[in-house]
Amino acid sequence: MANPDGYDPPLAEVRILDLSRGPMTAVGRLLADLGAAVTQVHLPGVTEEPAGLIAKGAGVDPESVGIAINRHGVDTVVVDLSTPDDHRRWVQLLAGADILIEDTRPGSDAEKALAARNIHAEHPGLVILSISDFGRDTSYRGWHATTPVLHALTSELSRSGIPGREPLVPPAAQLPYHVAAAQAAVMTMSVYLDRLRTGEGDFIDFSILDGAMQTLDPPYGTAGTASAGVALSAQKRDWNAERLRYPIIACKDGHVRICLLAKRQWHGMFEWMGRPVQFADPSFDRLRVRFSSPELMSEIGRFCAGQTRAELEVAGQRHGVPTAAVLTLAETLGTEQVESRGYFHEVDLSPGISVPVPAGVVEIDGHRANPINVSDHPRPGHPRRIDVAPLLGGRERRDEGLPLEGVRVLDLGVIVVGSDTGRLFGDLGADVIKIENSAFPDGLRGNPNSMSQTYAAGHRNKRSIGIDLRTPQGRALAHRLVAQSDVVLTNFKPGVAGALGMDYRSLRDVNPGIVVVDSSAFGPTGPWAKRMGYGPLVRAAAGFTDLWVYPGEPESFCDTVTVYPDHVAARIGALGALAVLLRRERTGAGGSVSVAQSEVMLSHLAGEIAAEVLVRRGHEPSVRPVHDAPWGLFPAAGEDRWLAVTVRDDADWHALCEVIDRPDLGADAQLATRTGRDTHRGRVDEAVRTWTSQRPPTEAMDLLQAAGVPAGAALRAAEVADWDYYVQRRAFREELHPHADEPFTMENVPIHSDRIADPPLLQAPLLGEQTREIAAELLGMDDTAVDELIAAGVLEVPQTVQAAGR
């Protein structure tokens, strides 16, 4: 059994060899925090030199600090494959490893020298995560990515910025890589868990672009309730409309963001303002009426102008109007919430250089998941290493090639985080049962007897049972399901799951092996624990909204339409659940997983936060320009068409000059270095702008990528599914849902590997659509018993089904 007196890291005794470099070292960081033994391996002639420690006197930049944070506490070994002794040592390391992470460039000498496919053949039990910018199985495998290019090709930039101006690259310099790392970690752990059941490893062909597209703000994924029924794929940049979704209001000492999506929230605002007669008409109960009323927003602005952020936050929460101050990052880090949660702790990145770093983005059994916590909570004995899964290994499988077959998940989640967490399990083969009730419907549902794109996207591969958990009979039925399940997913405000008898403390008595995941805005503890936390309000309170502005324009807030960090927080929750399921195989006991969405965001800014602290403590910032030139968005031919063009080094620069037919720039001594190009950035940008503005963005992108220059057309959401890269990667599929009027475009393949099949085709259910099926199959109830509970309001089936009879 798990040790009740100490923290038992769920991935203890999982051995990982990590050959990756750069920002995707975030994968190893996530797994090391959960207890895996991660070893950084340097193979001269195959891998680049690992990023060095931050040294005294060296210039500080966020990227190198971020990589140093990812590598903190990770051992490094150097293996020279050209020597017989080291070659034998390498074979021994591979034989003792469970997972190998590598990121050699497709088509490179390093890829050939490593020969990861040969390693897989020689070590068939090894799980290999092979990372590249565009995957290894398409004609785009030689393309190059950077942060702006990834944002452009995911369609994120089509929703960020003010129309008529260049799209705005979101804050956090490595954001696409951080979210992709979470996706990669989930897929790797699901495959590894399956390897413990089958004995067979796998080769995962992971594309950073795929991971970023699916995990940051997916154009065909679940959208928040502020979308007002408009699918994300149909949305375009509309700054005025965006500002009405979660309006940011100027006040006495800054800005606050409020939420007026639900009718009850509007009623709270109406009462708070003193019931102004001009807005008393019942038509204001409708979201579209409120969104289209400039008079309403003006009046709210006048109402807030004389009050402070703190006063408005307190009063807003009291009146049931979700309200959050728009904080700077520095203000966020100084809040009582961050300090009370102990989210940052000081570590030595190198001798004498201490910085605050995140203490882990997930809590396991109430403990921060990070390597330091292991020493702070010693365990008797040593974790037992396992090579098979004794519990899941005996489960019946459908033999559909999916890693989580035989796992059962009860999904109580709502809105985006809730829908995505359960969908990840369903897409990977788990039996996911959504427990819901029409008295408190999922905010994504809309009409309970029809199907929207966003609900279909988030709840495919699930079954639905309608249970009223407010009744003793309903809770008893749910507990009977818990007794036959492995995972329970929740993302209620802290305290709600406990009141319904569906928190870990209640459920571990029902099933000692249950794994319970809770996701909330700010975490289960601290003064903000019970705050109402919609994503945009969390971004405001976490300092992200204040950063998502055009340089030098502090009130040009542009983050409203983006659904972040919901999708990536779902991956962190799923990762925690998979890790605890793995621990259960050696201990027999389940556990709890807790994720704070605000802390997920702060983890994506870890490099920036630590670098700023180092500079404040007397370290010099790097004299090297942050970016080479050109680096940014440039107009292309067509209305509101844009192209990301990024130069990383001298080789990219000379290739760019050749493509745009400007040999004079390539020969100019003033532009021969990164510093020189940065100094003359305006001249460089003008030359690029002249060239890009005469060409369609995809044509210009193709020409630049063919020359090795990272470039990406700022795709609109509606264009993503038809772009040839995504077609080759089978990234999307169409389905005609029986309760929809037209086909939906859906995400398709989350994982490309040798053994894992594409996701199942089970369509999203109506509320309670499988109530009778599940009641018979898992609860042993006959039709008469089900009918009685439906009549009593304990169980529920869709109205159309109820009207038609059984």
Side-chain angles (χ1 to χ4, degrees), residues 159-165 168 223-232 234-327 443 446 532-541 545-546 548-550 553-563:
R159 299 181 293 280
S160 178
I162 300 173
R165 300 182 58 179
L168 181 59
T225 52
S227 63
V230 179
L232 193 59
Q235 295 181 24
K236 299 178 181 178
R237 289 193 291 162
D238 184 343
W239 199 50
N240 291 323
E242 290 172 19
R243 288 186 295 174
L244 291 173
R245 295 170 188 257
Y246 292 92
I248 293 178
I249 312 296
C251 61
K252 190 174 183 179
D253 61 347
H255 295 83
V256 294
R257 173 173 267 164
I258 62 175
C259 175
L260 296 177
L261 296 177
K263 181 167 70 173
R264 68 181 182 278
Q265 293 163 351
W266 158 241
H267 287 174
M269 189 79 230
F270 183 67
E271 294 292 334
W272 186 12
M273 292 194 299
R275 304 176 62 86
V277 65
Q278 66 268 40
F279 306 115
D281 192 291
S283 65
F284 280 92
D285 285 353
R286 297 198 297 273
L287 186 65
R288 292 186 185 278
V289 172
R290 296 197 297 276
F291 272 11
S292 61
S293 173
E295 295 82 11
L296 175 59
M297 287 301 110
S298 295
E299 183 60 31
I300 292 175
R302 285 190 289 271
F303 175 75
C304 294
Q307 303 179 66
T308 67
R309 292 178 297 178
E311 291 168 342
L312 290 167
E313 279 187 322
V314 171
Q317 298 287 332
R318 186 172 66 246
H319 284 87
V321 179
T323 307
V326 178
L327 301 178
M532 292 174 279
Y534 295 87
L537 276 73
V538 180
R539 290 198 298 271
T545 297
D546 182 71
W548 205 320
V549 295
Y550 285 95
E553 301 179 46
E555 297 186 17
S556 58
F557 307 111
C558 289
D559 72 318
T560 300
V561 77
T562 297
V563 183

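Put simply, the side chain of L327 does not reach to within 4.5 Å of the side chain of D546, judged on heavy atoms. No side-chain heavy atom of R309 sits under 4.5 Å from any side-chain heavy atom of E313. For the pair Y246 and P322, the minimum side-chain heavy-atom distance is 4.5 Å or more. In this structure, F303 and M269 have side chains that are in contact, with non-hydrogen atoms separated by less than 4.5 Å.
Closest approach of C259 and Q265 over heavy atoms only: SG-OE1, 3.4 Å. I162 and Y550 get closest at one heavy-atom pair: N-OH, 3.0 Å. Between C251 and C304, the shortest heavy-atom contact is CB-O, 3.4 Å. Annotation for T545 and F557: closest pair O-CD2, 3.6 Å, computed over non-hydrogen atoms. For the pair F279 and F284, the tightest heavy-atom approach, listed with the atom from each and the gap, is CD2-CZ, 3.6 Å. Nearest heavy atom pair, residue P554 against residue V549, reads O-CG1, 3.8 Å.
Taking E311 as the reference, nothing meets the salt bridge (Lys or Arg N to Asp or Glu O under 4.0 Å) condition, with sequence neighbours excluded. For A250, the side-chain contact (heavy atoms from CB on, under 4.5 Å) partners two or more places apart in sequence, or in a different chain, are H255. Qualifying salt bridge (Lys or Arg N to Asp or Glu O under 4.0 Å) partners for R290, counting only residues two or more places apart in sequence or in other chains: none.
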Would D285 and F270 satisfy side chain to side chain contact (heavy atoms under 4.5 Å, CB included), going step by step from the backbone distance to the final call?
CA-CA 10 Å; D285 285 353; F270 183 67; over 6 Å; no

Report the C-alpha distance between V321 and M273 in whole Å, list the side-chain angles of each, state the deciding distance to 0.1 Å, and finish with yes or no for side chain to side chain contact (heavy atoms under 4.5 Å, CB included).
CA-CA 11 Å; V321 179; M273 292 194 299; over 6 Å; no

Using side chain to side chain contact (heavy atoms under 4.5 Å, CB included), reason through F291 and L296 one step at a time and then give a plain yes or no.
CA-CA 9 Å; F291 272 11; L296 175 59; over 6 Å; no

List the steps and the verdict of side chain to side chain contact (heavy atoms under 4.5 Å, CB included) for I300 and L260.
CA-CA 11 Å; I300 292 175; L260 296 177; 3.7 Å; yes

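Side-chain N or O atoms of S293 include none that pairs as donor or acceptor with a backbone N or O of V289 at under 3.5 Å. With hydrogens and angles ignored, the 3.5 Å screen pairs no side-chain donor or acceptor of Q307 with any backbone N or O of K252.
The one candidate from I249, I258, V256 that meets the side chain to side chain contact (heavy atoms under 4.5 Å, CB included) condition with L312 is V256.
Under 3.5 Å, the side chains of T308 and D253 contain no donor-acceptor pair of N or O atoms.
For the atom pair L168 CG and T562 OG1, the distance stands at 9.5 Å (nearest 0.5 Å).
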